[in-house]
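None of the values given here were measured: they were computed from a predicted structure. Whatever order the structure lists ligands and atoms in, that order sets their numbers, starting from 1.
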Amino acid sequence: MTTLYERSDAADAAIGKQTVQNVYQQLAAEYDERIPGVGHADDMFTDSEMRFLMAKVHSGTKVLDMGCGTGRFTIPLALAGARMTGLDLTAAMLDQARTKAKAAEVDIDFRQGDMASLPFPDNSFDVVTSMLALMHIPLSDRQSVFSEIARVLKPGGRMLLCVKNGVFERMFSGDRFAEVDVTDVENKELIFTQTQAGEELRAPWFSFTPDELSLLFARAGMSVTHLKGNSPISVWLAEQVLADKGIRSVVQTLEATLSDVPPFNHLGYHLLVEAAKPL
Ligand SMILES: C[S@@+](CC[C@H](N)C(=O)[O-])C[C@H]1O[C@@H](n2cnc3c(N)ncnc32)[C@H](O)[C@@H]1O
């Protein structure tokens, strides 16, 4: 029997998802200009996300990209030879992705759907990726999403994700990357400022700690095999400091090693995580 609490969770989740969908429907055409950001720190940050994925996905691998948006990662993975499916809640984001995939001459199966209820059979994919999208999941849907990931992965399959780090937010609630998109940590919202329409748009946004991720995966029968902190040093350095090529090079060398080991892997602005489903 459904309890009153469960009914209100379900209603809140539905409202949250509708808000997310409305926001991205309005933002789709300008999304690619906003998200990677324009500074040196932004470049290092995006570069490290891309390298994380590229090192773990090989040509021929069957991949589902959940919350694929405009295909920022889906299309480069397809160009690298992965067999890609992209799933997203928002039609306008998928329209952008389809246009870009056509221009890049890659064949990607884009589908509209909700990652809490994946429209794919069990054991369908070698890898599931999700970059910067899981924070939009209502808290009451979180475990369903991780269980869905485990269900659609083949035995031995892997999940690769990038999320905002809740441990970092405890140290500093300000933002460092893509400065027109601001996290309101207290109110659990992502605020899109300076939109082309001139209005501020807000969507629900819940960060993840490493412990929360381990628990969500464990409950889905999976285990974390690699935890990387993205930009644990450069996040604290001003753009003027990183403008110096020599400093940038030293920081990049340090981060290449430190971001994989404790405590630095727990301290990144974002977490890059690999988890495996048993064979
Ligand atoms: C910040 S964008 C990230 C897009 C892309 N992964 C990237 O890194 O550029 C978040 C995307 O997640 C999608 N999204 C949010 N909630 C979703 C859900 N429940 N199911 C599927 N997609 C969802 C949104 O529509 C949006 O396109």
Within the 3.5 Å criterion, strictly below it, is a donor on His226 or Asp260 matched to an acceptor on the partner's side chain? yes
For residues Gln18 and Asn22, is any side-chain donor paired with an opposing acceptor at under 3.5 Å?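 Indeed, the side chains of Gln18 and Asn22 share at least one donor-acceptor pair under 3.5 Å.
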Could you list the donor-acceptor pairs under 3.5 angstrom formed between side-chain atoms of residues 217-225 and any protein atom two or more places apart in sequence or on another chain?
{"unit_1": "Thr225", "atom_1": "OG1", "unit_2": "Glu274", "atom_2": "O", "d": "3.2"}
{"unit_1": "Thr225", "atom_1": "OG1", "unit_2": "Glu274", "atom_2": "OE1", "d": "3.1"}

Any idea which residues sit under 4.0 Å from ligand 1, heavy-atom distances?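 Only Val20, Tyr24, Tyr31, Gly67, Cys68, Gly69, Arg72, Phe73, Asp88, Leu89, Thr90, Met93, Gly113, Asp114, Met115, Met131, Leu132, Ala133, His136, Ile137 have heavy atoms that fall under 4.0 Å of ligand 1, ordered by chain and number.
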Pairing of Asp126 and Lys62 as salt bridge, 4.0 angstrom limit: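 Answer for the salt bridge query: no.
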I'd like a table of donor-acceptor pairs (distance under 3.5 Å, sequence neighbours excluded) in which one partner is a side-chain atom from residues 246-253, with atom names and distances.
{"unit_1": "Arg248", "atom_1": "NH1", "unit_2": "His40", "atom_2": "ND1", "d": "3.4"}
{"unit_1": "Arg248", "atom_1": "NH1", "unit_2": "Leu242", "atom_2": "O", "d": "2.8"}
{"unit_1": "Arg248", "atom_1": "NH1", "unit_2": "Ala243", "atom_2": "O", "d": "3.2"}
{"unit_1": "Thr253", "atom_1": "OG1", "unit_2": "Ser249", "atom_2": "O", "d": "2.8"}

Considering only distance and modelled atom types, tabulate donor-acceptor pairs under 3.5 Å from the side chains of residues 111-121, sequence neighbours left out.
{"unit_1": "Arg111", "atom_1": "NE", "unit_2": "Asp109", "atom_2": "OD1", "d": "3.2"}
{"unit_1": "Arg111", "atom_1": "NE", "unit_2": "Asp109", "atom_2": "OD2", "d": "3.2"}
{"unit_1": "Arg111", "atom_1": "NH2", "unit_2": "Asp109", "atom_2": "OD2", "d": "3.1"}
{"unit_1": "Gln112", "atom_1": "NE2", "unit_2": "Leu89", "atom_2": "O", "d": "2.9"}
{"unit_1": "Asp114", "atom_1": "OD1", "unit_2": "Ala116", "atom_2": "N", "d": "2.9"}
{"unit_1": "Asp114", "atom_1": "OD2", "unit_2": "Lys17", "atom_2": "NZ", "d": "2.6"}

